[in-house]
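So you know, we letter chains A, B, ... as the sequences are listed, proteins then strands, and number each from 1.
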Number of protein chains: 2
Amino acid sequence: MSRVNKSQYAILGLLSKRPMSGYDMKRLLDRMSGFYWSESNAQLYPVLKKLAQENKVTSALDPASGARNRIIYTITNAGLDFLKEWLLQPVDRACYREEMILKVSLGHNINKKELMRHLKDYSDDLQAQKKQRDKVQRHIETDHVGRDDQLYLMMTYDFSEKVIDAKLAWCEETLKKLETA
Amino acid sequence: MSRVNKSQYAILGLLSKRPMSGYDMKRLLDRMSGFYWSESNAQLYPVLKKLAQENKVTSALDPASGARNRIIYTITNAGLDFLKEWLLQPVDRACYREEMILKVSLGHNINKKELMRHLKDYSDDLQAQKKQRDKVQRHIETDHVGRDDQLYLMMTYDFSEKVIDAKLAWCEETLKKLETA
DNA sequence: CGTGTCATGTAATCAGTTACATGATTCA
DNA sequence: TGAATCATGTAACTGATTACATGACACG
């Protein structure tokens, strides 16, 4: 169960909210779910086709898109059942590779200065993530009122807030240690 | 640069500390680095062979192992240079898929009770990780004194402590929210 | 009229996984 | 003597990535 295609569940999950196109999904994932999920186009489109073949989604050309041939996908009952079944399965252990931490653990091989530069870059990246996260969270707070997924989305953003802050605190602390060491 | 074989760097990193066998590496990774890195045997052994072919490591049968044919790998200067070069490269963005959080974000599709069960399991798993982490950290504090990698190992364990605690706090908070919602 | 966004895809590649195989040694 | 650990590996598969390709439309 641990090496099945997970993209399909993320896709069905998006479609469980509302019908949309592959392009919509990519945009949503990039802008809103970057903290915990991502997909590449090369995965997204073939998986959508596969899901359509399996009758887990239906597809229809959006007439409003004209010659752009925008395809709107809609989840079917079978697709929803399939998604719900997965949602009930035990969660696979996540994220087993953290490159930044591997590099820190091997810090004895490089100059302190270089390691500190990595930490600063990492910290900057986290700050940017935090900013983006805050923006999305405010958006959810205001625009998703009354929607049945608002509560759950807020929870995911609480998660990323706590984790990002913990990592930032670690960066600061570690940089101080390296300065004085 | 972002889709090259990262296992080789983890392996060279271990060998930058001391010569050891593939089995040693697997054991070390499982017991000590589970929070930020893992390898499977099916990746470990072929990569070791590749590194030997490229003269980044040398291999020698451990005569003390008798018929078990334990192979001790030692990093070469070329291997060390290769590792250091990578250590200086910018760090790749980590961990882009957190299955637990994907499931929470799709919580509107399942019963609150089921979601709470996931959260409890997740929390239990984190508690176990924390316990294991504490054990390893104590081990590093006492047994690595004076070693040039002690400082850096302590930093990695500080990281996992902060992150695990943040996730645990989120679990507790989120469970409370779900109870009252 | 050119740049950016909308929109869907394919080709080539490979990193990494699961499952399996094999045999020695230790120790209760 | 049988289970656990030590120790090294292979086969088969596939999920996912990078890079590339194509064309419509909006806009300034």
(request) Have a look at B:L44 and say if it touches a base, only the backbone sugar-phosphate, or nothing, with a 4.0 Å heavy-atom cut-off. (result) nothing
(message) Salt bridge check, A:K112 against A:E179: does any charged N sit closer than 4.0 Å to a carboxylate O?
(response) no
(request) Would you indicate which nucleotide in D:dC25, C:dC6, C:dA24 comes nearest to any side-chain atom of A:Y23? (result) C:dC6
(request) Give a yes/no answer on whether the side chain of B:R68 brings an N or O atom under 4.0 Å of OP1 or OP2 in C:dT25. (result) no
(request) Check whether more than 12 heavy atoms from other residues, nucleotides or ligands sit under 6.0 Å from atom CD of A:E54, and answer yes or no. (result) yes
(request) Return the nearest nucleotide to the side chain of B:N41; candidates are C:dA15, C:dG9, D:dG9. (result) D:dG9
(request) Take A:A67 and A:W37, find for each the nucleotide of DNA chain D with the closest heavy atom, and name the residue whose nucleotide sits nearer the 5' end. (result) A:W37
(message) Less than 4.0 angstrom between a side-chain N/O of A:R97 and OP1 or OP2 of C:dG16, yes or no?
(response) yes
(request) Please state how far atom CZ in B:R27 lies from atom C1' in D:dC6, giving the value in whole angstrom units. (result) 9 Å
(message) So B:A42, base contact, sugar-phosphate only, or nothing? Heavy-atom distance under 4.0 Å.
(response) base
(message) What is the distance, to the nearest angstrom, from the CD atom on B:E99 to the P atom on D:dG15?
(response) 14 Å
(message) Given the ring of B:W86, does A:K103 sit roughly above its face, with NZ or CZ under 6.0 Å from the centre of the six-membered ring and within 45° of the axis?
(response) yes
(message) Just checking B:F159 against B:F35, ring centres under 6.0 Å apart?
(response) no
(request) Select one nucleotide: of D:dG15, C:dT17, D:dG9, the one nearest the side-chain heavy atoms of A:N5. (result) D:dG15
(request) Starting at atom CE of A:M25, determine the distance to atom P of C:dG9, rounded to an integer number of angstrom. (result) 11 Å
(request) State whether the number of non-hydrogen atoms from other residues, nucleotides or ligands found under 6.0 Å of A:D143 atom CG is greater than 12. (result) yes
(request) May I have the distance from A:R70 (atom CZ) to D:dC25 (atom P), rounded to whole angstrom? (result) 14 Å
(message) What is the separation between atom CG on A:D24 and atom C1' on C:dT5, rounded to the nearest whole Å?
(response) 13 Å
(message) If the cut-off is 4.0 Å, is A:S21 near the phosphate of C:dC6, judged by side-chain N/O to OP1 or OP2?
(response) no
(message) Any base atoms under 4.0 Å from A:S65, or only sugar-phosphate, or nothing? Heavy atoms, all strands.
(response) nothing
(request) Starting at atom OH of B:Y45, determine the distance to atom P of D:dT10, rounded to an integer number of angstrom. (result) 11 Å
(request) Return the value, rounded to whole Å, for the distance between atom CG of A:L28 and atom C1' of C:dA7. (result) 15 Å
(message) Of the listed nucleotides (D:dG9, D:dG15, C:dG16), which one gets closest to any side-chain atom of A:Q43?
(response) D:dG15
(message) Rounded to whole Å, how long is the line connecting atom NZ of A:K6 with atom P of D:dT17?
(response) 14 Å
